[in-house]
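Below, chains carry the letters A, B, ... as their sequence lines are ordered, and counting in each starts from 1.
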Amino acid sequence: MRASRLFFPTLKDDPAEAEAISHKLMIRAGLVRQLAAGLYIYLPLGLKVVDKVCRIIREEMNAIGAQELSMPILHPAEIWQKTGRWQEIGDEMFRLKDRGGRDMVLAMTHEEVITWLAAHEIRSYRDLPQVWYQIQTKLRDEARPKSGILRTREFIMKDSYSFDTDEESLEQNYQLHIQAYSRIFQRCGIRFYMVESDPGMMGGATAHEFMAPSAAGEDEVALCPCGYSANLELARSVPEVPEFPQAGLEEIATPDVRTIDEVSKFLNVDPALLIKSLLVMTDAGPVLAMLRGDQELQDSKLNRIIGTHRPASPAEIQAITGAGTGFIGPVGLNLRKVADESLERGVFIVGANKDGYHYKGAVLGHDFETELADIRRVKPDETCPFCGKRLSIEQVIEIGNIFKLGTKYSEPLGATYLNESGKEQNIIMGSYGIGPARIVAAAIEQLADEKGIIWPVSIAPFAIHVALVQPADSQQTAIAEKLYADLMAAGAEVLLDDRAVSPGVKFKDAELLGCPLRVTIGKRTVAEGSVEVQVRHGGEEHKFELGTAADNILSLLDSL
RNA sequence: CGGGGCGUGGCGCAGCUUGGUAGCGCGCUUGCUUUGGGAGCAAGAGGCCGGCGGUUCAAAUCCGCCCGCCCCGACCA
């Protein structure tokens, strides 16, 4: 491709609306343009990179026996009503009516459709197992699109679905996907972790996510050297146990001292000796959530125990507990309570449900009763529950996920098969996603430097960027054209910058675009009968004689 | 949905406090020069100042409503 004909509008300045590195660079390098919040146009270079990622995905999916198909984006509401997600999912699903007044939905995901297909076409255990996949557009009316292409309202996804007769067979397909995913992310040149994850709205019991470490990520994971790794939504840890004082409930005056910080300073005690009491409201009434003063609530964990909830307002707190914010506690409070398991043993200071007062010496089982559960957020350096080493926490981009669905979709949609003894059984399903655009963003986030993008060879829009310094010079042009033709003939993807712009602009654009190798042909190299080659990642420079330049460039490329 | 910020040529911004008919840098066009790190000189083109309404002799500027975009939170296959 010649740069003089390539549509790649580059920008000198960072766009005002971009925050994330990948967002800034994708716009500056002319990969994408934003149409509206969460809606992006992929320009030629951006599309080229996404296509390369998709090609790798296809190769690896095909390699585990998955078969590509394509499903509609527009669905009849009926199948979503059958699985219950029509009701369960709220504003995040785009809904519309067709001319006949029938309810339709725009696909957020395709479990319903693929299961409909399986219900119609799978009859016998002899038809199983199957793995079907597609790379297709998904639409979600995101509450908050953000970070460029990381969270958008329309995006493509590779989604695959496995259909098995039993759990063991599902486990095999699950493992095959783990293998395929690992190879895909490796080949795309990004660092990633596989972590335990919350099945969430997908349903099912087992789920893992593939996470690429990046400051732009929206998720956090806990990691242990022993291999334990989990999304913070469900990560577990063993907290330090403090020295507790004597038991014996006693009211103490704490005038105008409300927060954990204030109380611990006022009483000169470790925050871990206090109970943090949070009142939340559910459909079934108020619930008191309790944590140690040095801990924070992991809302997703509480959510799984008490369902959807919201913090109580100050007025509600007053009405329900009789005290204001900062003075509430479990003692004498007759409502549902959920305490973090770290409160099971110990002697704590708690709010007295009376303005200006706390109790000290409160003991679970003696002074109050509560349900116990893990509802705290893991903190860095807490102990791993499996090996005792220290956990670290990293910010990550979710690039893929895998779920064991079981019969959550096959049952309501009637996807069954006849087993060996002629008995009808529900098909056991799995569902597996990858976000190609997120892989692209993660690669940029993880590798870029202050000059621009640095592509891994496997997904670079071009492998070699030939900078022809003076296109007006016939000698330089002849050399560049020959090299361009030779490299292309050898199968390499080459961008020839033949634009009549100043050398500085060419070099800056080459760095911004981030192709793995930049070949420079100018006055200096012509005089020496050589070409200059710079490796974008690391900046290493080489000089190759003209006669063997193409071969040397290609072997240098292979070595990257 | 809650909180905050922003909206002025293609891009990045100033002007708004104290109303008086729009400016800077980059980019773009033409010409000449230049040619290994975002070139120089000269001449140009390009803006219903997000929208609607109000106040006023007069609104980019003041007031109200709305829309859009970004950030934090909630939410999130």
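- Within the nucleic acid shown, A/A37 comes within 4.0 Å of sugar-phosphate atoms alone, with no base atom in reach, counting heavy atoms only.
- For the P atoms, the distance linking B/rU17 with B/rG25 amounts to 25 Å, nearest Å.
- Checked for salt-bridge contact, A/D159 and A/K138 meet the test: a charged N lies under 4.0 Å from a carboxylate O.
- Nucleotides B/rC76 and B/rU18 are separated by 48 Å at their C1' atoms, to the nearest Å.
- Searching all strands for a Watson-Crick or G-U wobble partner of B/rC57 with both distances below 3.5 Å returns B/rG20.
- For B/rC76, its base sits under 3.5 Å from the side chain of A/R151 at one donor and acceptor pair at least.
- The base of B/rG37 sits within donor-acceptor range of the side chain of A/E511, with an N or O pair under 3.5 Å.
- Using P as the reference atom, B/rG7 and B/rC75 are 31 Å apart when rounded to the nearest Å.
- Across the P atoms, B/rG10 and B/rC49 are found 13 Å apart, a figure rounded to whole Å.
- Of the charged side-chain nitrogens involved, none lies within less than 4.0 Å of a carboxylate oxygen, so that A/E111 and A/K408 do not count as a salt-bridged pair.
- Judged purely by distance below 3.5 Å, without hydrogens or angles, the side chains of A/E532 and A/H542 never pair a donor atom with an acceptor atom.
- A salt bridge does not link A/K82 with A/E411: none of the charged nitrogens is closer than 4.0 Å to a carboxylate oxygen.
- The base of B/rG36 has none of its N or O atoms less than 3.5 Å from a complementary donor or acceptor on the side chain of A/Q470.
- B/rG64 is paired with B/rC52 under the Watson-Crick or G-U wobble criterion, all donor-acceptor distances under 3.5 Å.
- For A/R524 against B/rG37, a side-chain-to-base donor-acceptor contact under 3.5 Å is absent.
- With hydrogens and angles ignored, a donor-acceptor pair closer than 3.5 Å exists between the side chain of A/D509 and the base of B/rG38.
- Counting distance only, with no hydrogens placed and no angle test, the side-chain atoms of A/R518 and the base atoms of B/rG37 include a donor-acceptor pair under 3.5 Å.
- Computed from coordinates, the A/R33 CZ to B/rC11 C1' distance equals 9 Å when rounded to whole Å.
- Contact annotation: A/R144 reaches the phosphate of B/rC72 (side-chain N/O to OP1 or OP2, under 4.0 Å).
- A 3.5 Å limit on both hydrogen-bonding distances identifies B/rG40 as the Watson-Crick or G-U partner of B/rC32.
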